[in-house]
Amino acid sequence: MKKIAVIGGSGFYEFPELGRNESVSQMTRFSDTPIELRRAVLTGRSVFFMPRHGSAHHCPPHKINYRANIDALAALGVDAIIAVNAVGGISDACAPGNIVLPDQIVDYTWGREGTFFDEFEDEMCHVDFSYPLQSSFRKQMFDCLGREGLKVISNGVYGCMQGPRLETAAEIQKLQRDGCDLVGMTMMPEAVLAREKNISYLSICVVCNWAAGICSTKNTAEENDSQVAPLSVDDMKAVLEEKITKVRTALISALTLV
Ligand code: HPA
């Protein structure tokens with residue numbers, strides 16, 4: 001049976017649309033406590049749901065035990081992950097409320113446990129990561145999100161920052177020069193750990209806000225000091241809340257297509 005995992009990000013801690021589901025606990029060597037997931041069967045597929053930050057968002061992005069999470073999914077035999085990530089928009093098309101299925105990543109994180117190949121043994125330890133977001137679900141996910149009336153962009157570069165603070169306007173300008181369309185805090189090392197376990201990884205990015213300084217790059221410093229409102233987490237949550245139900249419905253549609 002094909003096994004797929006949905007990893008929920010900010011604002012996506014429960015997945016009631018899964019219908020009848022059971023709880024699953026999976027121990028890994030990366031944590032003293034088991035990883036808790038939900039499991040349902042949809043059209044002959046086992047679907048696992050894992051809220052990345054825990055079920056009550058208790059874990060900030062830089063403290064998530066990404067290795068335990070991905071190792072648990074690998075131990076359960078998962079071969080495809082569809083992750084949901086909240087992001088800030090940098091390029092024009094990535095406006096708040098839009099959904100982006102990025103195809104590339106630039107990793108700016110530091111100090112996170114980012115590999116299963118910590119020691120040189122006989123195993124090959126340099127995985128190919130040229131195209132980090134390849135998934136057989138890309139096309140059907142794009143179509144199903146569109147059918148929910150969401151504006152979906154089929155590609156983009158995700159810049160992964162360390163957090164948990166939001167960025168400075170200068171940092172976002174640097175990301176823009178580096179070619180990033182989106183900024184978030186959670187895709188790395190999640191995506192590369194999945195690659196190391198031979199699990200495909202697709203990300204659905206929900207754009208919650210313009211990234212820091214993006215609406216004001218044409219203003220002078222004085223204008224910015226007096227005019228620019230700080231980024232509001234409440235505003236971000238409101239956008240997420242508005243979009244996430246449709247994203248969940250689209251996930252169910254994509255997962256039930258055979
Ligand atoms: N920056 C980083 N992560 C985010 C943002 C942002 O502006 N919005 C949502 N997640």
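Computed from heavy atoms alone, side chains included, the values below leave out hydrogens, waters and symmetry copies. Each ligand, and each atom within it, is numbered from 1 in the order the structure gives. Computed from a prediction, not measured in an experiment: that's the story for all the values here.
The pair Glu22-Arg38 does not count as a salt bridge, with every side-chain nitrogen at least 4.0 angstrom from each carboxylate oxygen. Note on Asp71 versus Lys197: salt bridge recorded, some NZ/NE/NH1/NH2 to OD/OE distance being below 4.0 Å. A salt bridge links Arg67 and Asp118; the closest N-O separation between the charged side-chain nitrogens and carboxylate oxygens is under 4.0 Å.
Between Tyr13 and Phe49, the gap from one ring centroid to the other reaches at least 6.0 Å.
By the neighbour-count criterion of 12 heavy atoms within 6.0 Å, atom CD of Gln134 is densely surrounded, having more than that number from other residues, nucleotides or ligands.
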Under 3.5 Å: N or O atoms of ligand 1 paired with protein N or O:
{"unit_1": "ligand 1", "atom_1": "1 (N)", "unit_2": "Glu167", "atom_2": "OE1", "d": "2.8"}
{"unit_1": "ligand 1", "atom_1": "1 (N)", "unit_2": "Glu167", "atom_2": "OE2", "d": "3.4"}
{"unit_1": "ligand 1", "atom_1": "7 (O)", "unit_2": "Asn209", "atom_2": "ND2", "d": "3.0"}
{"unit_1": "ligand 1", "atom_1": "8 (N)", "unit_2": "Gly88", "atom_2": "N", "d": "3.3"}
{"unit_1": "ligand 1", "atom_1": "8 (N)", "unit_2": "Asn209", "atom_2": "OD1", "d": "2.7"}
{"unit_1": "ligand 1", "atom_1": "10 (N)", "unit_2": "Ala86", "atom_2": "O", "d": "3.4"}

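Listed by first and then second residue, the ring pair (Phe, Tyr, Trp, His ring centres under 6.0 Å) pairs that reach into residues 158-206 come to none, sequence neighbours excluded.
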